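Shown next, in structure tokens, is the structure this report addresses.
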Amino acid sequence: MRLAFILSEIGSGLRRNLSMVVSVILVTFVSLTFVGAAGMLQLQINQMKGYWYDKVQVAIFLCGDGSTAAGCATGTATPEQQENLRTLLESPAVAQYINDFQFESKDDAYKHFKEQFSNSPIVDSVTPDQLPASFRINMKDPEKYQIISETFSSQPGVETVIDQRQVLERLFSVMNAASLVAVIIAGVMIVCAILLIATTIRLSAFSRRRETGIMRLVGASKTVIQLPFILEGVIAAVIGAALASGTLWAVAHFFLGEYMSKQYPDTAFISPAQTLILAPALLGLGATLAGISSLLTLRRYLRV
Amino acid sequence: MIRFENVTKVYDQKARPALDSVNLEIDRGEFAFLVGASGSGKSTFLRLVLKEDRATSGAVYVAGQNVANISSWRVPRLRRGIGVVFQDFRLLPQKNVFANVAFAMQVIGKSRSIIRDTVPEVLKTVGLEGKEHRMPHELSGGEQQRVAIARAVVNRPGILLADEPTGNLDPTTSMGIMGVLDKINQNGTTVVMATHDDDIVNEMRKRVVELRNGIVIRDEARALYTSMMPVVGQSRRFKDASGRPDGSAADPGDGPVSSQPGEEL
């Protein structure tokens, strides 16, 4: 009975205040979309880092089937060439610059490739043979990359030496800046949303002051009087958060999945499913914001 | 049922107290009029009973309990035991008669079947049989006040507070309302009614408590609106006026007194 009563109160509150409720939905929608966009950029950075990025800095790719580099005259790197490189890496002259290194065989490379590009159609057309084996080196000081490069580039069986950080770092710094901007915009919009929710609740409390006055007098509990107002704000904010989550999913599905992944087939993009891990966070954030701001408002404007 | 022990209520430190050391006891099942000019403290009295305000000093007991000791989350339970009726009815305009009365039961979680049984019964008590589906604007003032009374007593409170319930009504209608209140009182509910209406007080011949400037100046059983002992009233009035440093503020006349708090219960 009491639940039914509270629900009907919420319904009438939402109907009476429709334009304000719609504006709360839109403002939370926009602000949480920016929050989500920042989250999505971070997810994308993680995706692009792949398996090795956080573990090593320098990769020495060995010659594969179709390698045309000078050191690859003999075709695919032989086990002896691999052993020579390993010995060289372990020699004191080189070892002083590196923490450790790992060997990535063609099969390992294929496994990591499949993980990173799991959302991309390219994964089906690649076989382990096409991927080069490599030594992955964790440097003591990433700035000493040149020394490794000079030492190994000319070794037989080495196709190329790559400083992965140099390739991706600039892109990541742009993306990090973009997510910072998104967070700042989101912050401003969230302040906006909080104030708007507070105003909406105030209006709602004012337009129903007759009812709440009588409820007080006949001894309705604080919960029965306040809960409809709080839930009104929470419902509006949760709808906004759901819209934001849907928008992020749509961006991942249509923009990244359908368009960007065809334009840049060699880049790993996040899947639409991955954006859904942001949804609970957005819904929770929206509900919390609305709950807190309506509680604070009611404390001032709805005496019980 | 209601007991005031040395109760003082000060709204504004600079002004005189709204209630000044009031001692009063109203027994279970009693019918008492609270009379006095605007600003004499009638509404403050009612607000203190409801714990809308806290007494500055002294103790207010309602149903044997000191209201100062009731924690805020239990105040609703206190108010369930007290019905309140106002001069301006305070009905919900978009709800019909039945829904207005049912509202008081819904919000404290009474089941639908109990509401269906109780509301017509109470409407019968206040003389509104067959008008369940009227809207408030289709009713006369007297009928609206009966709806308000029905709403106040539908949860069977032990106390009914009425703040000038006949203030907006003509004398005949007022007498009808008094009949309803009397009937409710006969059923065992303690009734406290603040009023200006001398005809009604004189007609009913109930206990009369007269307040002036926050002080109980008369408390008589089966009394009239104006005191039958004018000497007491005169001397008290004289003493009051002389005891004030600011003579104008202490004007005991019945004219409108400005800046008197406590009228917005």
Side-chain angles (χ1 to χ4, degrees), chain A residues 1-21 200-235 291-292 294-304, chain B residues 46-47 49-53 62 70-86 88-95 99-116 136 147-148 150-163 264-265:
Chain A
M1 187 61 216
R2 216 175 299 202
L3 184 70
F5 176 77
I6 289 175
L7 289 180
S8 78
E9 283 288 296
I10 294 171
S12 78
L14 291 176
R15 262 199 310 281
R16 274 203 226 176
N17 245 339
L18 195 61
S19 61
M20 288 300 280
V21 169
T200 306
I201 299 290
R202 244 171 84 185
L203 270 179
S204 193
F206 185 75
S207 73
R208 275 187 280 161
R209 64 195 184 287
R210 233 194 267 260
E211 280 88 341
T212 51
I214 290 163
M215 286 161 92
R216 247 159 58 76
L217 278 176
V218 300
S221 65
K222 200 171 168 174
T223 320
V224 172
I225 298 177
Q226 291 196 340
L227 203 59
F229 293 100
I230 296 172
L231 288 184
E232 258 174 69
V234 170
I235 286 172
I292 292 175
S294 43
L295 254 180
L296 293 180
T297 317
L298 287 179
R299 190 171 295 177
R300 279 188 61 190
Y301 293 97
L302 188 67
R303 222 156 55 91
V304 173
Chain B
L46 301 181
R47 290 175 67 86
V49 173
L50 283 166
K51 202 172 190 248
E52 294 261 4
D53 273 318
V62 175
I70 299 177
S71 60
S72 66
W73 62 274
R74 289 179 74 162
V75 168
R77 189 193 284 184
L78 166 77
R79 293 193 182 139
R80 280 176 208 189
I82 306 172
V84 195
V85 180
F86 300 96
D88 56 357
F89 320 139
R90 301 198 188 174
L91 301 179
L92 300 175
Q94 73 280 20
K95 289 185 192 289
N100 260 290
V101 179
F103 186 74
M105 300 184 81
Q106 283 171 346
V107 300
I108 61 168
K110 288 281 163 62
S111 78
R112 205 165 302 194
S113 61
I114 293 179
I115 293 175
R116 246 197 325 262
V147 178
R151 182 179 63 194
V153 299
V154 72
N155 291 320
R156 312 214 175 288
I159 300 170
L160 180 64
L161 303 180
D163 196 6
E264 68 283 353
L265 179 76

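Letters go in sequence order (proteins before strands), and every chain restarts at 1. Everything quoted here is computed from the prediction, not taken from an experiment. Side chains included, hydrogens not; waters and symmetry mates left out as well; all remaining heavy atoms used.
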Which heavy-atom pair separates [X] from [Y] by the least distance, and what is that distance?
| X | Y | result |
| --- | --- | --- |
| Pro76(B) | Ser221(A) | CG-CA, 4.0 Å |
| Val218(A) | Ala104(B) | CG1-CB, 3.7 Å |
| Arg80(B) | Gly219(A) | NE-O, 2.7 Å |

Going by ring pair (Phe, Tyr, Trp, His ring centres under 6.0 Å), name the residues that satisfy it together with Phe103(B), two or more places apart in sequence or in a different chain.
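Applying ring pair (Phe, Tyr, Trp, His ring centres under 6.0 Å) to Phe103(B) gives Phe5(A).
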Which portion of Leu91(B) sits near chain A, non-hydrogen atoms under 4.5 angstrom
backbone
Mind checking which of residues 11-18 of chain A sit less than 4.5 Å from chain B, heavy atom to heavy atom?
Arg16(A)
Which one of Ala152(B), Pro157(B), Pro93(B) has the most heavy-atom pairs closer than 4.5 Å to chain A?
Pro93(B)
Ser71(B): side-chain contact (heavy atoms from CB on, under 4.5 Å) partners, not counting sequence neighbours:
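side-chain contact (heavy atoms from CB on, under 4.5 Å) list for Ser71(B), sorted by chain: Trp73(B), Arg74(B).
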Among all residues two or more places apart in sequence or in another chain, which pass the side-chain contact (heavy atoms from CB on, under 4.5 Å) test with Leu227(A)?
Ile6(A), Thr223(A), Leu231(A)
Would you say Glu52(B) and Leu217(A) make side-chain contact, with heavy atoms under 4.5 Å?
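Side-chain contact under 4.5 Å: yes.
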Spacing of CD belonging to Gln106(B) relative to CE belonging to Met215(A), to within rounding of 0.5 Å
9.5 Å
Check the side chains of Gln94(B) and Glu211(A) for a donor-acceptor pair under 3.5 angstrom, ignoring hydrogens and angles.
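There is such a pair (donor and acceptor under 3.5 Å, judged by atom type) between the side chains of Glu211(A) and Gln94(B).
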